[in-house]
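Lettering of chains follows the sequences in order, A, B, ..., and the numbering in each one begins at 1.
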Number of protein chains: 2
Amino acid sequence: MKSARNTTAKTEIQELIASSSVALSHSEIQKSLEGLCDRVTIYRVLERLLEEGFIHKIVNVDGVVKYAGCHSCSAKHSHNHIHFSCQKCKSVTCLDDVEPSFKLPKNYKVSEMNFTLSGLCPQCS
Amino acid sequence: MKSARNTTAKTEIQELIASSSVALSHSEIQKSLEGLCDRVTIYRVLERLLEEGFIHKIVNVDGVVKYAGCHSCSAKHSHNHIHFSCQKCKSVTCLDDVEPSFKLPKNYKVSEMNFTLSGLCPQCS
DNA sequence: TATTTAATGCAACAATGTTGCAAAAGTAAT
DNA sequence: ATTACTTTTGCAACATTGTTGCATTAAATA
Ligand SMILES: [Mn+2]
Ligand SMILES: [Mn+2]
Ligand SMILES: [Zn+2]
Ligand SMILES: [Zn+2]
């Protein structure tokens, strides 16, 4: 039985993501932390926060990986919402209320979805 | 006025992607070509094929970039179809006929979409 | 305070993608 | 076929992102 520990790195990163209105990348987090901890530690903390269900991971259309806080998921992650990626300000936002619908051919079994729209966000349009 | 040239590398890569039922990654293409050309050349050929509208790029949920032939787009790319990523056989397939619908908040201007579902493909389920 | 072990820092590595530049190859005119 | 022009290629060098092993540090609990 492994028990998680509250470290400054974990606390800082968790609060950073929780208080951000947009999803953050590893490098953005690193800049914000200003040398508080090592690069590798950030990766490992993010991994832990993912496992613990505090954050979720978003692979943007340009390949950039971002992290955002979880709102409506408790035990299991359930992210069937759309993400919006602004081509101008590069922000990635969770549109928690927007759930897409579609009709899939038979014999496909879905367990996860990743929907991202690109364009201009309200601030940039 | 720059005029494109038909090279063996370009022809081979184009045919490889066109004849594949699933999307291919750079490394998969490189393996198939068996040293026909340099790593960098493959990147540059893919870039050209994208610009010329022969293929489209897919960033999978696991971050792996794949390329697939374009079917219904002529001048401009228009990819509003869903991609399916099999967690078992790792194949990425274009579901050209499946178009999702959703209701976006005001003031968001969409110019591109990237929808990927993960789970088990018909062969693996 | 002492013990336990999770978490960190550091170095080293791997994968993926980019850039500059000289050499090679495709295209069209001669 | 040869020439001239320009695209394309190969190679080396580099950047970014992410991973792993291992010794050290530091939480949590007794
Ligand atoms: Mn989200
Ligand atoms: Mn497709
Ligand atoms: Zn914006
Ligand atoms: Zn499969």
Measuring only between side-chain heavy atoms, which start at C-beta, is V61(B) closer than 4.5 Å to V59(A)? no
Expressed as a whole number of angstroms, how long is the span from [X]:[atom1] to [N]:[atom2]?
X: I42(B); N: dT9(D); atom1: CD1; atom2: C1'; value: 12 Å
X: E28(A); N: dT17(D); atom1: CD; atom2: C1'; value: 14 Å
X: K10(B); N: dT9(D); atom1: NZ; atom2: P; value: 9 Å
X: D62(B); N: dG18(D); atom1: CG; atom2: P; value: 13 Å
X: D38(A); N: dC22(D); atom1: CG; atom2: P; value: 18 Å
X: I13(B); N: dT9(D); atom1: CD1; atom2: C1'; value: 12 Å
X: L36(A); N: dT8(C); atom1: CG; atom2: C1'; value: 11 Å

With clusters built from Ile, Leu, Val, Met, Phe, Trp and Tyr whose side-chain heavy atoms come within less than 4.5 Å, directly or transitively, what are the remaining members of the cluster of I58(B), listed by chain and number? V92(B)
Which pairs count as side-chain hydrogen bond (donor to acceptor under 3.5 Å, both in side chains) when at least one residue sits in residues 21-32 of chain B, sequence neighbours excluded? S25(B)-S27(B), S25(B)-E28(B), E28(B)-K66(B)
Residues 101-112 of chain B vs side-chain hydrogen bond (donor to acceptor under 3.5 Å, both in side chains), sequence neighbours excluded, gives Q87(A)-S111(B), S101(A)-S101(B)
Distance alone, cut at 3.5 Å: any donor-acceptor contact between the side chains of S85(B) and N60(B)? yes
Would you please classify the geometry between the H83(A) ring and the H56(A) ring as parallel, tilted or perpendicular, with 30° and 60° separating the classes? parallel
Specify the angle, to 10°, made by the local axes at the two ends of the helix from dT1(C)-dA30(D) to dT30(C)-dA1(D) when five pairs are taken at each end. 30°
Please answer whether the main-chain N or O of C37(B) pairs with a side-chain N or O of T41(B) as donor and acceptor at a distance below 3.5 Å. no
Side chain to side chain contact (heavy atoms under 4.5 Å, CB included) between I13(A) and I55(A): does it pass, once the steps are laid out? CA-CA 11 Å; I13(A) 294 172; I55(A) 63 175; over 6 Å; no
With the side chain of S27(A) defined as its heavy atoms from C-beta on, choose the nearest nucleotide among dG9(C), dT17(D), dT16(C). dT17(D)
According to the salt bridge (Lys or Arg N to Asp or Glu O under 4.0 Å) rule, which pairs have a member within residues 5-25 of chain A, sequence neighbours left out? K10(A)-E52(A)
What string of B, S and - do you get for nucleotides 17-30 of chain C, 5' to 3', if B is base contact, S is sugar-phosphate-only contact and - is no contact with any protein heavy atom under 4.0 Å? BBBB----BBS---
